[in-house]
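Residue numbers run from 1 in the order of the sequence given. Only this structure's heavy atoms are used, side chains among them; waters, hydrogens and symmetry mates stay out.
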Amino acid sequence: MQQVESIRFPEPIDPLQPRGTRFTQMIREGLFLRSYEGRVEEYKEYDKFSISFWDRRFQFRLDYNISEEEHGTVLNYKLENQRENLLTLFAGGLISGMTESMVARNLKNLKTFAEARV
């Protein structure tokens, strides 16, 4: 099972302009703990959050978009492989599954938190 272990920010975050903020994310992938560098690419409060993350082999962009629909709020996300080769195509499939499980777990936690605050 993959999960985020930690996120470190080498510089202070500017809450008024988070775009360009760099971070290091440690992700547990089975028995291994891997380090990925990252950067906030886009941020629009309540609507959009996009990051790029990479290591020496891979580079991906992850986009989250939130919109209001007739039946409630919808979260869409897209994972884009930015270094196309056989290794990254295979890894993209693995990371896609990893992000699906992380998103589902985080949304469940968010829902529990929101319902407890009501």
Side-chain angles (χ1 to χ4, degrees):
M1 172 190 257
Q2 294 91 358
Q3 65 184 33
V4 175
E5 291 277 323
S6 68
I7 300 174
R8 291 187 313 265
F9 297 91
E11 300 171 1
I13 301 167
D14 180 353
L16 299 176
Q17 182 51 268
R19 186 176 182 184
T21 299
R22 292 176 126 0
F23 59 89
T24 301
Q25 186 170 344
M26 302 299 288
I27 298 178
R28 176 146 321 267
E29 298 173 357
L31 298 175
F32 303 100
L33 188 60
R34 303 228 191 265
S35 174
Y36 294 90
E37 297 300 311
R39 179 179 54 241
V40 176
E41 301 293 347
E42 289 185 66
Y43 178 81
K44 184 177 176 193
E45 192 171 23
Y46 309 118
D47 294 293
K48 185 169 185 70
F49 179 64
S50 299
I51 61 169
S52 290
F53 59 99
W54 61 89
D55 69 1
R56 60 184 168 80
R57 301 162 296 172
F58 309 115
Q59 183 171 354
F60 296 96
R61 180 177 171 127
L62 182 59
D63 295 301
Y64 293 96
N65 293 292
I66 300 172
S67 59
E68 287 296 323
E69 302 284 328
E70 183 178 321
H71 301 291
T73 302
V74 175
L75 171 65
N76 291 298
Y77 74 95
K78 177 175 80 170
L79 179 66
E80 181 180 18
N81 180 354
Q82 296 186 318
R83 247 187 234 158
E84 295 276 331
N85 62 46
L86 288 177
L87 179 61
T88 60
L89 290 174
F90 175 73
L94 294 176
I95 289 175
S96 178
M98 175 185 72
T99 49
E100 275 188 38
S101 68
M102 282 193 299
V103 167
R105 188 170 47 250
N106 290 340
L107 288 176
K108 183 179 177 184
N109 291 340
L110 181 61
K111 181 177 188 250
T112 301
F113 175 75
E115 289 173 345
R117 306 278 302 187
V118 174

Could you list the residues that satisfy side-chain contact (heavy atoms from CB on, under 4.5 Å) with Ile7, not counting sequence neighbours? Val4, Phe9, Phe23, Gln25
For Lys48, side-chain contact (heavy atoms from CB on, under 4.5 Å) partners two or more places apart: Glu42, Lys44, Ser50, Asp63, Asn65
Taking all non-hydrogen atoms of both residues into account, name the closest pair between [X] and [Y] and its distance.
{"X": "Tyr36", "Y": "Arg34", "result": "CE1-CB, 3.8 Å"}
{"X": "Thr24", "Y": "Ser35", "result": "CG2-OG, 3.4 Å"}
{"X": "Ile13", "Y": "Pro15", "result": "O-CD, 3.1 Å"}

Show which residues join Tyr46 in its hydrophobic cluster (side-chain heavy-atom contacts under 4.5 Å, direct or indirect), or state none. none
CZ (Arg61) and CZ (Phe53) are apart, to the nearest 0.5 Å, by 12.0 Å
Kindly compute the distance separating CZ (Phe32) from CD1 (Ile27), expressed to the nearest 0.5 Å. 15.0 Å
Under 4.5 Å between side-chain heavy atoms, hopping through other hydrophobics if needed: is there a path connecting Val40 to Leu75? yes
Going by the salt bridge (charged side-chain N to carboxylate O under 4.0 Å, His left out) test, which pairs reach into residues 66-82, not counting sequence neighbours? none
Could you note down all residue pairs passing salt bridge (charged side-chain N to carboxylate O under 4.0 Å, His left out) where residues 5-16 supplies at least one of them, sequence neighbours left out? Glu5-Arg28
Kindly write out the residues that satisfy salt bridge (Lys or Arg N to Asp or Glu O under 4.0 Å) with Arg19, not counting sequence neighbours, or none if the list is empty. none
Would you please name every residue forming a salt bridge (Lys or Arg N to Asp or Glu O under 4.0 Å) with Glu41, sequence neighbours left out? Arg39
Sequence neighbours excluded, which residues qualify as side-chain hydrogen bond (donor to acceptor under 3.5 Å, both in side chains) partners of Ser6? none
Parallel, tilted or perpendicular, judged at 30° and 60°: which one describes the rings of Phe49 and Tyr64? parallel
